[in-house]
Amino acid sequence: MAPDEHNNNERDRRVPDAVFPLLPSRPEKRVWAPSADLLLTGSSLLSGCAGVQSALDPHSEQADTLAALFWTFTAVLGLVWLVTMAGLLLALTRRRDGRGESAEARPAVKRPMLIAFAAMLASSAIVLSGLAVLSFGGQRTIFGSGAGAALTISVIGHQWWWQVRYEGENGFETANEIRIPVGSPVEIKLTTADVIHSFWIPSLAGKLDLIPGKRNELRIEASKPGVYRGQCAEFCGQQHAHMAIFVVALEPHEFERWRADQAAPAKPTAYLRKQRVFTSALLESSQ
Ligand SMILES: [Cu+2]
């Protein structure tokens, strides 16, 4: 894929102009030339595994935990499926002629069947208990209190945009974009001004709903600089699909510079400057 084509695809993901230059450019790398069908199938399968919005391309401890849970569940349940299919195949190929005859009528079959049922019950209980323990362990990592947050940000959902308020002294607001320092825990307080929305930055954390009359809290911490796309994950009306948000993780010194700029009083725009010059000239000429 040519670099320009790649950039266009990134633009198609509705990356705002302010964020677009921050996206890393990827050099073209062509090692082999697979057929179009293979390429289409492969790209369809792998398209969700990387990029600015992927739970399988984690860049935080919480997202690492979720990705590890996903792969563990996939591996264990895939193995269960394979064993089940193998057992089914074995049963079908070794079926005896005595159709309709109950196991009780064949004492030689009864005991092995009981053992098989007991083994299936025990293995199901062990597998499900193991997965439940892993899942609860993951939740402790994701929702654990951890160290004190370096930054508190309120995110308010609207149809169909995100209001972002940096709390504390010299607070300020942005929209549809959150900038955070790399390596620092950030507390996100989630509320909504209208209907239910869901805040989801797949590469950084799991999703959490914004519910009318309630405040939910989520902690995110990016492990490396980058742009991470998020999406409202709860249908909230006609423009729901366009309700995206970007988290830009910056090096701490870059973040502090940006934060100071945002917190500073607004600078006069070119229009206001011209207007002031015009007014001064008018006053001088009238004196
Ligand atoms: Cu929505």
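First listed ligand is number 1; within each ligand, the first listed atom is number 1.
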Spatial distance of atom CE (M120) from atom OG1 (T84) [nearest 0.5 Å]: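 The CE atom of M120 sits 9.0 Å away from the OG1 atom of T84.
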Heavy-atom pair of closest approach, residues H197 and D194: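 Result for this residue pair: NE2-OD1, 2.8 Å.
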Electrostatic pair E217-R219, nearest N-O below 4.0 angstrom: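 Salt bridge flag = no for R219 with E217.
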Modelled atom types, side-chain donor and acceptor of E221 and S60, under 3.5 Å: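 Distance-only check fails for E221 and S60.
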Short side-chain donor-acceptor distance under 3.5 Å, Q239 and Q159: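 Q239 and Q159 do not have a side-chain donor-acceptor pair below 3.5 Å.
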For the Cu ion (ligand 1): protein N/O/S atoms at distances below 2.8 Å: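 For the Cu ion (ligand 1), the figure is 4.
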Side-chain hydrophobic cluster, 4.5 Å single linkage: members besides L131: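 Under the 4.5 Å side-chain rule, L131 groups with L69, F73, V76, L77, V80, V127, L134.
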